[in-house]
Engineer: 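Attaching a single structure in structure tokens format; questions to follow.
Proteins get letters first, then strands, A, B, ... in listed order; numbering begins at 1 in each.
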Amino acid sequence: MNPMPESLESRYDHKATEEKIYRLWEKSGYFNPDNLPFVRHTSSVKSHDAKAKSFCIIMPPPNANGALHIGHAVGVTLQDIMVRFNRMRGKKTLWLPGADHAGFETQVVFDKKLDKEGRNRFVMDREELWKEIWDFTQKNKEIMYGQLKKLGASCDWSREKFTLDPDIVKTVYDTFEKLYEDGLVYRDLRVINWCPKHRTALSDLEVKYVEREDPLYYIKYGPLTLATVRPETKFGDTALAVNPKDKRYTRYVGKEIEAKGVLGTLKFKVVADEAVDPKFGTGVVKVTPAHDPADFEIWQRHKNEIPGPKIVIDESGRLTGDVGEFKGLKVAEAREKVAAKMKEIGILEKIDEHYTHQVATCYKCGNILEPLPKPQWFIRMTAKPQPKTSNIQHLTSNKSLRDMAVEAVRKGKIKFIPKRIEKVYFHWLKNIRDWNISRQIVWGIRIPAYFCLGCGEPKINPEVKARWFLVRHGETDWNKEGRLIGNSDIPLNDMGRSQARATAKKLKLHNIDLIISSPLARCRETAEIIRDVTGAELIFEDRLIERNHGKTEGMLRKDAEKEFGNLYTYEPRIPGSEGYRDVELRAWEAFTHHKNDHHHKNVVFVTHGGVVRTLLKKLRNWEVERMFQNPSVKNSEVFEFDVLKKQCTKCGGDLFEQDPDVFDTWFSSAQWPFATLMISRGSKSKIKSQKLKSDFEEFYPTDVMETGYDILFFWVARMVMMGLYRTGKIPFKTVYLNGLVRDKDREKMSKSKGNVIDPLGVAEIYGTDAVRMALVVGNAPGNDIVISEDKIRGYRNFATKLWNIARFVVSHKSATSYQQPAASKNKEDRENLAELKKIKAKITRHVERFEFHLAAETIYHYIWHTFADKIIERYKPRLRGESFAFGAAMRPSGHGAPRSGASEGASPARLLAGQSSGSQGQKILTDRAAAYHTLETIFAESLKMLHPFMPFVTEEIFQKLFPGELLVTEKW
RNA sequence: GCGCGUUUAGCUCAGUGGCAGAGCGCUCCGUUCACAUCGGAGAGGUGGCAGGUUCGAUCCCUGCAACGCGCACCA
């Protein structure tokens, strides 16, 4: 027998309740599918048993770079509805939570933070910056998880994953390696989308085209005239092109024409290419392969005829190279000045001032993107795998990634809700191009590509045996003053010591075993600081001392230069000095000697600027000129090399340098469904011996992927590709796409517009349940969601209504346990229970069909306008024992009495003495019990049906009504 | 240019081949024992426009318009 229910407070206090209830759920452990109990059958209302035994949703990991917004709340609510519903139906239900490091997005957020602090990542040390962002995301992650709990997310926290967890990173590396082995990933020089502000490449998806009106310049090129909006790229022109069918220009094709240019006379060859539209402009285009993707392709088609990319714009969007007086100007300034100059020298024929076109901009900062030629890693979307090794057994499919993704949906293995999204999906895949996955930022998963120092051959995901570092000593006073220091024993100054400490701290992350240092004071001190911080062994090596400057030692560099000319020569020039050749000889001898002895250790060489230079030359196989062109080594600067277990297959070298770039976050996100589930939980032998299924076997393919339609291409399509590629199976069976949340004026919410609704803020005011309900009702799949505080308030009122219904029901509760009552013979009871059954079937159907908005509205209406307004009102007389006095509902038969007699002490205060004796009194009593039980059954079922939508208030009431029971695992 | 979506009450949105729905807002009435964070009653829609299919269309088809979105592009 359960204890008597507590009476309810007069008001529902969501603040006190929500936290308490979430703790109760967590304590039960039922969010972890491994702990789920056998489902009890407590209801007289039948529901069909679920056929499938498990149910799994992988939560789209929110970005760990800020608080959750209302869009997250939509997703969390919809997923939680599905998860709670399926759990209540007895399925082994897993909802796996996580967080995304969100490479570029987080980098941008962090850049802004740095900017506010007057800092800038481009001058920061990689490791230092990484550590800071790591701390930043970890902090955000914890806040975010707290927010998910506040939203009632019933996910399994024991399986929580972060996209930078080592096991996830390993999976991502393995995928990259497999792609490489299958010939589906390659590194190539292409003209890519470059954001000059963020200084990184972007994928095609991250480009936002905006319409702009710009002048269209008609420029005379010798006998021809062409139109361009970018006269400033003229310096990078390497040819002219016309359409092969354009008769006007046939006679020029293959010929070289001479043209007057801003910087003098130019000669260009004219090529014929289909890409040129004869109807646009004059039908002649200039070919600028370095700064226009289309021109780059024209060049590739005419490689033998015309010169390749000639770079005239740099990474910050300024003119560079052979551009005369325009050097250093930003693109926009240069455009005007070049145009003015053209006009001046009479080659500007005319200007169409109102030419509208689409301009590629950065989707984050809105700056105009600069097409630049850069070698990047690309994934082939439309090519079949071509394994590098002859062993093709490991191939999961012989189809291109694109074709796999198309087929899975075409064959109906993956269903989209709403269905119309399929068309968009197919259309995108049809036109897809190779995916640039390199990003020139620090925050992310660093690409596991190592380039052989000897020959440049890449090695993917190799085993690293040891890391070797070249470090220049910290600053000395002579450095500061600009004096040449060779073998003089000048100590570090304060700055030098602090530089050395910073470097030491960084090196500590790499578990240094050995420090090999030049014995000169400035190196010795630096090395000792590194030793003290890292605890590594320190030895000295005479062959690492600085170049002997001979007569110039101790002189100010400018004075020395004045007197002796160029100081930086391969052969000795200054009396008594060494040339770089001499330094190179002895330094390389020392390096190889120690490498033989210590190749398995992590080693730091502490040495001098000149020595580092010569070592870099040898290591990187530079020509002599390249060594001198390269900027000089800064005090305490570090160069890292990796010693790989296996030698380079091409040249036999074992020293490599890792690609500094990181992956596009979506590359790792694309692997999220299987990466999170492939992680071994407990020992494999345990799983094997107990014949337990691993998470991957149990839950993959997952059931539903619920996310916003705005990341259909970014994420969903790529998950399908990567899932199929790695596992041979689809990652999920159904994709449910929700809309974007808009404000009352249908504006997209954004921080900059200031129209954001903070879901946690309004939850604090109106309760989480009200927010969830407001986000679900009227929210058809794929349609944008309009939310207002009024609507939330409306559902807060509903929670209050529910609470008051509970107060009424509980106040009539007898000392009965919650058991299945015998069927009431009372017509009214039977009719109401029959209607309840219908409503339940309807709601079940709606939820199964992902029509959550309809399910929510149905239960809302049933509870308020049927149960509360009609049923309760009609039952009031019976509950008061008045029904017989009016000869109402119940037939004069006692058979309908529920098994669990509800007589003694039932609703004590309301039992009037006169009615509790005699046969008439008995009938009244049994009718009251039947009425109550019907009411309680309907209410309990209503609570269940509402629970996925409004979990907190329903659980709280359930606790009061049936102390000791848990609604969260009640049988649906 | 190609494609997609939307157009229903004052506002924001659901839904259905057969008397048109919700929330909020509005009007009137009501604080008696679940509930004023409420209850009761009510006003309010030629369902964008024009055709077609049908016994019957808000729903299906065609065209148009307005708004929104996605994709692709030529300098």
Side-chain angles (χ1 to χ4, degrees), chain A residues 7-8 10-12 14 204-205 207-209 216-219 226-231 233-234 237 240-243 275-288 291-295 298 355 357-358 360 418 420-433 709-710 712-713 739-740 742-746 748 765-767 770 773-774 776-780 782-812 851 853-854 856-858 860-861 864-865 868-869 872-873 876 879-880 909-910:
Chain A
S7 64
L8 275 64
S10 62
R11 284 185 172 206
Y12 171 59
H14 66 266
D204 293 339
L205 276 177
V207 177
K208 189 170 165 55
Y209 289 92
L216 181 66
Y217 302 90
Y218 285 77
I219 301 163
L226 57 81
T228 181
V229 280
R230 303 202 59 184
T233 63
K234 194 177 186 298
D237 293 354
L240 295 175
V242 296
N243 190 288
V276 182
D277 178 359
K279 289 191 278 294
F280 184 88
T282 60
V284 182
V285 299
K286 64 198 198 71
V287 182
T288 320
H291 300 293
D292 186 300
D295 291 3
I298 292 178
Y355 171 61
H357 63 150
Q358 305 277 7
R420 63 180 148 83
I421 298 289
E422 284 181 10
K423 275 184 219 162
V424 184
Y425 174 87
F426 288 134
H427 183 250
W428 182 71
L429 284 169
K430 198 180 160 196
N431 298 312
I432 197 166
R433 289 188 291 175
Y709 68 75
D710 53 330
L712 175 68
F713 309 141
L740 306 179
R742 312 268 165 159
D743 70 4
K744 265 189 289 193
D745 307 316
R746 294 181 77 201
K748 194 169 162 180
I765 301 169
Y766 300 108
M773 201 66 178
V776 174
V777 178
N779 169 9
N783 285 6
D784 286 349
I785 303 152
V786 177
I787 187 76
S788 64
E789 212 166 312
D790 281 345
K791 193 173 175 188
I792 298 169
R793 196 180 297 122
Y795 291 102
R796 188 271 318 267
N797 293 350
F798 177 53
T800 304
K801 183 73 183 177
L802 190 75
W803 186 255
N804 283 311
I805 295 169
R807 294 213 309 149
F808 178 78
V809 174
V810 168
S811 75
H812 288 82
E851 298 160 344
H853 58 306
L854 299 182
E857 208 172 323
T858 305
Y860 171 90
H861 269 270
W864 199 319
H865 299 301
D869 288 357
I872 288 183
E873 292 306 323
K876 276 180 179 172
L879 289 170
R880 276 187 236 117
R910 292 188 178 82

Engineer: Nearest of B/C73, B/U37, B/A34 to any side-chain atom of A/Ile872?
Structural biologist: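 Of B/C73, B/U37, B/A34, B/A34 is nearest to the side chain of A/Ile872.
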
Engineer: What nucleotide, of B/A34, B/A14, B/C24, holds the atom closest to the side chain of A/Ala868?
Structural biologist: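 Selected nucleotide (nearest to the side chain): B/A34.
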
Engineer: Look at the rings of A/Tyr860 and A/His865 and say which category their plane angle falls in: under 30° parallel, 30 to 60° tilted, over 60° perpendicular.
Structural biologist: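 Answer is perpendicular, since the angle exceeds 60°.
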
Engineer: Does one side chain, of A/Asp784 or A/Tyr709, offer a donor that lies under 3.5 Å from an acceptor on the other?
Structural biologist: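 Yes, because at least one side-chain N or O of A/Asp784 sits under 3.5 Å from a partner of the opposite role on A/Tyr709.
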
Engineer: I want to check one thing: is the phosphate of B/U6, taken as OP1 and OP2, less than 4.0 Å away from some side-chain N or O of A/Asn783?
Structural biologist: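 No, because none of the side-chain N or O atoms of A/Asn783 sits under 4.0 Å from OP1 or OP2 of B/U6.
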
Engineer: Hey, which sits more toward the 5' end of RNA chain B by its nearest nucleotide, A/Asp869 or A/Arg230?
Structural biologist: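 So the residue in question is A/Asp869.
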
Engineer: Among the candidates B/C38, B/C74, B/C4, find the nucleotide nearest to the side-chain atoms of A/Trp864.
Structural biologist: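 For A/Trp864, the side-chain atoms sit closest to B/C38.
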
Engineer: Could you tell me the separation between the CG atom of A/Asn779 and the P atom of B/C13, rounded to a whole number of Å?
Structural biologist: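 In whole Å, B/C13 P lies 11 Å from A/Asn779 CG.
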
Engineer: Just to be sure I understand the rule, does A/Leu854 reach a base, reach only the sugar-phosphate, or reach nothing, if contact means heavy atoms closer than 4.0 Å?
Structural biologist: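 Here A/Leu854 touches the backbone only, sparing every base.
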
Engineer: Under 4.0 Å between a side-chain N/O of A/Lys801 and OP1 or OP2 of B/G39, yes or no?
Structural biologist: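 A/Lys801 to B/G39 OP1/OP2: side-chain N or O found under 4.0 Å.
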
Engineer: With RNA chain B as reference, determine whether A/His853 or A/Tyr860 sits nearer its 5' end, using the nearest nucleotide of each.
Structural biologist: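 The residue mapped nearer the 5' terminus is A/His853.
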
Engineer: In whole angstrom, what separates A/Tyr209's OH from B/A72's C1'?
Structural biologist: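 Distance check: A/Tyr209 OH to B/A72 C1' gives 8 Å.
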
Engineer: What's the closest nucleotide to the A/Asn797 side chain, out of B/C35, B/G5, B/C24?
Structural biologist: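 Looking only at side-chain atoms, A/Asn797 lies closest to B/C24.
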
Engineer: Let's see if you can work this out: which of B/C24, B/C73, B/U37 has an atom nearest to the side-chain heavy atoms of A/Asp790?
Structural biologist: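 The nucleotide sitting nearest to the side chain is B/C24.
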
Engineer: Would you confirm whether A/Asn779, through its side chain, and A/His853, through its main-chain N or O, come within 3.5 Å as a donor-acceptor pair?
Structural biologist: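 No; judged by distance alone, with no hydrogens or angles, the pair does not exist.
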
Engineer: Please work out which of the three classes, parallel, tilted or perpendicular, describes the rings of A/Trp864 and A/Phe798, given edges at 30° and 60°.
Structural biologist: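 Ring orientation of A/Phe798 relative to A/Trp864: parallel.
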
